[in-house]
Enquirer: 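One structure coming up, written as structure tokens, with questions to follow.
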Amino acid sequence: MMKWKKTVALGLAAVMALSVTGCGGKETEGQGSGESSTGGGESTAPEGGYAESDRITVEVYDVAANYHGIQSGWFAKLVGERFGLELSILAPQVSGDDSLYQTRCSNNNLGDIILLDNTDFIDCIDAGLIKDISDSIYNYENLAVFKTQIDAWNTQVGDGSKLYGIPTEMTNTSPDTYSENIPFSSVCLPWDYYQELGAPEIKNLDDLLDVLEQMQKNHPTNKDGDSAYAISLWKDWDGFGMENILQTCKWYGQEGRDSVLLGNDNSVMSIIDENGAYYKMLNFFFEANQRGLVDPDSPDQNWQITDEQKLRAYRKYLLWYNWEMNLAGIKLTDEEKQSGVGFVTVPVSDMNIYQVADSYYGSGRVWGLGAGVDGEKEKRIMAFLNWLAGSEGNTTMWCGLEGINYVEENGRFVQTEDANKYMLGEIAMPDEWGGGSFADGNQKLNQYIVSSMAINPRTNEPYSFGYWSSQQEKPKDKRWVDWTEKYGKDKQTDYYLEKNLMKVVANVNVVLDSDTTDIALIRSQCGTELKDASWRMIMAKDKDEFDRMWKETKDKMIGLGFEELYEFDCQKYQKIIDVRKGN
Amino acid sequence: MINNKKKLRSYREFLYILPFLILVAVFSYYPLYGWIYAFFDYRPPRPFSFEDFQGLKWFKYLVDNPVRLNQTLSVIRNTFVMSGLAILTSWLPMVFAIFLNEIKCMPFRKAVQTITTLPNFVSWVLVFSVAYNLFSSSGMVNSLLMKMGVLERPVLFLQSSEHVWGSMWLWSTWKSLGWSAIMYIAAISGIDEELFEAARVDGATRMQLIWHITIPSILPTYMVLLMLSISNFLSNGMEQYFVFQNAFNKESIQVLDLYVYNLAMGSGSYSVATALSMLKSVISVILLCVANKLSKLIRGESFM
């Protein structure tokens with residue numbers, strides 16, 4: 001679930017490396033809630049930082065990390081000197097299955113700092129793997145700022161009297177509004193190629209396929225002569241079903257959560273219902289492949305290959321994630337940007353985008369401490385987490401380093417001239433930061449306590465680079481100027497909301513029931529079945545084969561116990577629906 | 001007195017083998033304790049508890065409706081096919097060794113032997129990356145064919161369930177042929193040279209030498225290896241199928257070991273996976289006994 005978080009760091013890199021992605025005015029509807037930049041727990045640090053010899057190695061079990069090993073580079077130096085810690089990151093995503101989790105759980109030690117999905121976290125609390133931090137947590141002033149959110153999460157655990165976890169990606173904005181300019185998932189096309197076709201109105205998915213087909217016909221290769229395809233899929237983020245399909249389901253008002261599709265109208269539907277978005281998008285990709293629009297590399301490429309070899313090289317023409325557009329623009333030159341090259345989000349008239357509001361209460365994961373952590377180690381870790389929750393830590397996590405990536409001018413952040421060169425590794429880090437490239441030394445935790453859309457109390461602007469007023473004042477890339485001209489709005493989401501193309505659902509961070517062994521088995525078998533079948537169906541020879549495979553898959557899933565799972569999930573997700581309705 | 005001495009000696013000799021008995025106990029018998037997971041409801045991070053006794057529930061789960069039964073059967077079918085292919089062609093290394101032995105030019109013979117043995121030391125992950133670079137949609141074969149104008153769109157060799165049994169067999173044969181031949185080469189060099197000389201004096205041709213001396217002499221080696229591979233019938237390893245598996249060919253190459261892995265590590269269902277692997281062990285023991293009996297019937301000697 002939520003595999004997109006893998007790329008948060010990548011997205012950040014892109015956001016930082018690029019100029020403004022959005023348009024429009026400042027978004028400071030929520031004032032900073034008075035975070036302090038000096039951490040309360042840091043008083044334990046010796047003058048001048050911890051010595052090299054006085055470092056404690058802590059194991060960070062991190063479900064978001066894409067990197068397994070010891071953190072290195074400038075971030076390691078910072079954490080070492082400031083908090084006396086060396087981070088040894090354990091990344092279950094790297095092995096790609098549950099083995100690391102299970103073996104470490106059965107060994108009764110997951111790690112010192114633990115980041116897990118909500119449900120797993122609850123299981124681990126029950127199993128006694130997580131430390132109760134009720135007594136100390138609010139002594140740390142940056143964490144205390146998020147008391148509302150932290151309490152809201154922890155009251156759902158046991159009898160609700162103890163505090164174990166700190167939710168991820170909390171904001172100080174609002175749980176009901178969406179602050180970003182572009183929906184998380186929407187149709188994104190290369191603006192120049194779209195203009196070339198006369199920017200035809202796209203009424204539905206068939207029109208979209210027509211547009212993509214013409215684009216591919218006009219531009220069968222990128223400028224280097226490498227073959228390009230309208231659609232390029234990847235396989236390594238798949239969970240219950242294909243992640244590429246699950247994300248595009250959001251175009252039609254539904255979010256896939258294992259066996260159910262949650263609607264932005266608070267409806268619940270089975271994922272294998274033919275009226276649902278999953279089947280609709282499966283058909284879309286199948287049709288696309290029938291027209292030769294799907295990259296034949298799709299079934300065996302992973303995200304990294306897609307990103308480096310296809311996306312950044314302009315070899316795919318349909319994107320959906322908003323951060324994906326930024327990555328696609330990394331290699332664009334200034335001239336290209338000024339002539340309208342690059343991706344934009346393009347409205348499709350029959351869409352009804354499912355958009356979750358800012359992650360005020362958290363994004364579905366939790367930070368915690370291992371049960372065995374105590375004494376000096378605990379103090380240092382808490383000081384570190386406190387820093388991560390505060391302005392200074394988040395500025396470092398999201399914006400980079402002062403003097404390298406940004407400077408402060410008149411109370412606001414301004415990007416330095418060399419920021420992009422540092423990001424792309426064209427300039428090595430200065431010796432005081434230990435040299436090496438910025439990206440290599442960047443934090444590999446890949447998950448944050450505070451969201452990039454939260455307001456930085458130091459500047460009263462979001463942490464996210466693209467939303468700094470200094471960035472907004474820079475001349476916009478031509479494609480966004482054109483966009484505003486064509487659609488009459490500065491902010492893309494304003495247009496979508498006005499035209500009823502998008503509906504925002506409230507952010508809730510509900511702890512859901514964990515599976516029994518039976519349900520877990522059915523879930524994994526049905527999920528694998530649906531995922532494998534989806535790939536086969538997209539690549540099916542013809543409609544007959546497609547239909548036959550769909551029927552076989554449904555029968556097989558039902559035989560594996562899908563109905564029992566669906567019933568379980570309906571009850572489980574009803575909790576979310578109830579809270580949303582309450583909002 | 002003599003009796004006592006004998007007793008003492010037997011104690012001493014028992015001590016000689018004791019370390020090995022301990023090793024066997026620790027590494028082969030102690031792990032069987034893990035079988036109890038098959039009878040309980042165990043899912044990490046929840047600690048194991050004797051209160052979650054489930055009886056034969058997980059065994060029944062594997063076969064309790066047509067779809068699950070089919071899945072189990074198809075896994076067993078894949079295992080039988082892959083092992084069956086290996087056993088049907090198990091004479092290949094023997095023939096290869098014999099022909100290799102007939103090569104008179106030593107440098108050439110050594111070169112062939114080295115080159116064919118090397119793949120055995122390449123891990124399956126590397127073999128797959130070789131396969132990937134050769135046969136993926138942007139791999140060498142596709143690029144070449146497309147540049148030559150033979151193909152318009154790449155052929156997805158690795159994403160096809162067609163001929164997948166054959167290609168899996170080819171990969172594993174390519175990898176193991178030279179290595180398996182070593183045993184036979186050793187056996188051939190152990191044949192008494194006088195036999196050949198006597199036959200040559202009697203005017204036997206090269207083929208007659210092979211047919212009447214070499215093959216009968218190394219047949220016992222072949223039989224022993226065959227028995228061993230029959231007892232390993234169900235354990236055809238999972239690495240190869242693990243690296244080659246994808247959505248398109250999984251139905252055809254998911255063998256028992258891989259299925260156990262996918263169940264346990266993929267879905268955290270240790271209990272079902274243990275139940276399945278227990279069944280596997282039981283069937284393996286039966287197969288071994290059958291092979292032993294057969295050997296006794298056919299050749300008059302058994303190995304147990």
Side-chain angles (χ1 to χ4, degrees), chain A residues 95-108 110 116 120 123-130 226-227 235 238 242 292 295-301 305 309 514-518 520-525 527-529 531-539 555-561, chain B residues 37 40-48 52 54 57-58 61-62 64-71 128 131-132 135-139 142-143 146 151-161 242 244-251 254 259 261-273:
Chain A
S95 67
D97 57 31
D98 269 355
S99 49
L100 188 66
Y101 177 67
Q102 282 154 10
T103 44
R104 290 190 74 89
C105 277
S106 18
N107 200 20
N108 269 325
L110 211 45
L116 287 173
D120 288 340
D123 285 350
C124 285
I125 293 175
D126 289 344
L129 296 173
I130 310 284
D226 293 322
S227 60
K235 65 175 180 182
D238 291 346
M242 261 174 78
D295 184 350
D297 291 348
S298 295
D300 58 15
Q301 66 186 354
I305 294 177
Q309 297 178 11
S514 65
D515 290 348
T516 61
T517 316
D518 299 46
L521 180 59
I522 298 174
R523 188 185 301 286
S524 96
Q525 291 202 311
T528 311
E529 186 56 40
K531 174 188 78 181
D532 288 349
S534 302
W535 278 107
R536 290 196 297 265
M537 285 169 71
I538 290 175
M539 298 291 166
D555 289 348
K556 197 161 176 195
M557 285 173 71
I558 288 167
L560 289 170
Chain B
Y37 288 131
F40 288 84
D41 181 353
Y42 172 65
R43 204 165 87 86
R46 272 206 328 254
F48 179 79
D52 295 327
Q54 299 284 339
K57 178 177 169 186
W58 303 122
Y61 177 89
L62 291 169
D64 70 356
N65 76 30
V67 169
R68 288 176 191 156
L69 181 64
N70 257 334
Q71 188 153 20
F128 178 71
Y132 183 85
F135 296 114
S136 73
S137 51
S138 50
N142 272 314
S143 314
M146 278 162 76
L151 290 176
E152 260 195 25
R153 275 175 76 88
V155 180
L156 301 176
F157 296 106
L158 297 172
Q159 275 77 39
S160 149
S161 59
F242 179 74
F244 276 96
Q245 72 173 342
N246 57 43
F248 302 87
N249 62 19
K250 203 192 257 170
E251 301 233 311
Q254 180 160 266
Y259 189 49
Y261 176 87
N262 284 341
L263 273 176
M265 294 309 178
S267 46
S269 310
Y270 281 94
S271 299
V272 182

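Chain letters run A, B, ... following the sequence lines, proteins first, then strands; residues in each count from 1.
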Enquirer: Can you tell which part of Asn246(B) gets under 4.5 Å to a heavy atom of chain A, answering side chain, backbone, both or neither?
Expert: neither

Enquirer: Measure the spacing between OG of Ser524(A) and CG of Leu263(B) and express it to the nearest 0.5 Å.
Expert: 7.0 Å

Enquirer: CZ of Arg523(A) to OG of Ser269(B): how many Å apart, nearest 0.5 Å?
Expert: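 OG of Ser269(B) is found 11.5 Å from CZ of Arg523(A).
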
Enquirer: Compare every heavy atom of Ala520(A) with every heavy atom of Arg43(B), then report the nearest pair and how far apart it is.
Expert: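 That would be NH1-CB, 3.6 Å.
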
Enquirer: Measuring from Ser138(B):OG to Gln309(A):CD, what's the distance to the nearest 0.5 Å?
Expert: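 One finds 7.0 Å between OG of Ser138(B) and CD of Gln309(A).
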
Enquirer: Could you look at Phe48(B) and say if it's the side chain, the backbone, both or neither that has a heavy atom under 4.5 Å from chain A?
Expert: neither

Enquirer: Heavy-atom distances under 4.5 Å only: say whether Leu521(A) touches chain B with side chain, backbone, both or neither.
Expert: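 The answer is both parts of Leu521(A).
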
Enquirer: Can you give me the closest heavy-atom contact between Pro296(A) and Ser137(B), atom names plus distance?
Expert: O-OG, 3.6 Å

Enquirer: Compare every heavy atom of Val67(B) with every heavy atom of Gly559(A), then report the nearest pair and how far apart it is.
Expert: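 Where Gly559(A) meets Val67(B) most closely, the heavy atoms are CA-CG2, 3.6 Å.
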
Enquirer: Indicate yes or no: at least one non-hydrogen side-chain atom of Gln54(B) is less than 4.5 angstrom from one of Thr517(A).
Expert: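 When only atoms from C-beta onward are counted, Thr517(A) and Gln54(B) do not touch, as no gap falls below 4.5 Å.
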
Enquirer: In Å and rounded to the nearest 0.5 Å, what is the CZ to CG distance from Phe248(B) to Asp300(A)?
Expert: 9.0 Å

Enquirer: State which residues pass ring-ring contact (aromatic ring centres under 6.0 Å, His included) with Tyr261(B); sequence neighbours excluded, sorted by chain then number.
Expert: Phe242(B)

Enquirer: Taking side chain to side chain donor-acceptor pair (under 3.5 Å) as the test, write out the residues that go with Gln301(A), two or more places apart.
Expert: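 Ser232(A), Lys310(A).
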
Enquirer: Quick check on the interface: out of Gln525(A), Lys235(A), Lys531(A), Arg104(A), who has the most heavy-atom pairs with chain B under 4.5 Å?
Expert: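 Among Gln525(A), Lys235(A), Lys531(A), Arg104(A), the one with the most close pairs to chain B is Gln525(A).
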
Enquirer: Starting at CG of Asn65(B), measure out to CD1 of Ile558(A) and round the result to the nearest 0.5 Å.
Expert: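 Here the interatomic distance stands at 11.5 Å.
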
Enquirer: Which one wins on heavy-atom pair count under 4.5 Å against chain A: Lys250(B), Arg68(B), Gln71(B)?
Expert: Arg68(B)

Enquirer: Sort Thr516(A) into side chain, backbone, both or neither according to what part of it lies under 4.5 angstrom from a heavy atom of chain B.
Expert: backbone

Enquirer: Can you tell if the side chain of Trp535(A) reaches within under 4.5 Å of the side chain of Gln159(B), non-hydrogen atoms only?
Expert: no

Enquirer: Work out which heavy atom in Ile305(A) is nearest to a heavy atom in Tyr132(B); give both atom names and the distance.
Expert: CD1-OH, 4.5 Å

Enquirer: Under the side chain to side chain contact (heavy atoms under 4.5 Å, CB included) criterion, do Glu251(B) and Asp532(A) qualify, and how do the steps go?
Expert: CA-CA 10 Å; Glu251(B) 301 233 311; Asp532(A) 288 349; over 6 Å; no

Enquirer: Quick one: are Asp518(A) and Lys57(B) in side-chain contact, heavy atoms under 4.5 Å?
Expert: yes

Enquirer: Considering only heavy atoms, which portion of Asp123(A) lies under 4.5 Å from any heavy atom of chain B: side chain, backbone, both, or neither?
Expert: both

Enquirer: Where on Asp555(A) is there a heavy atom nearer than 4.5 Å to chain B: the side chain, the backbone, both, or neither?
Expert: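 When you check distances to chain B, only backbone atoms of Asp555(A) fall under 4.5 Å.
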
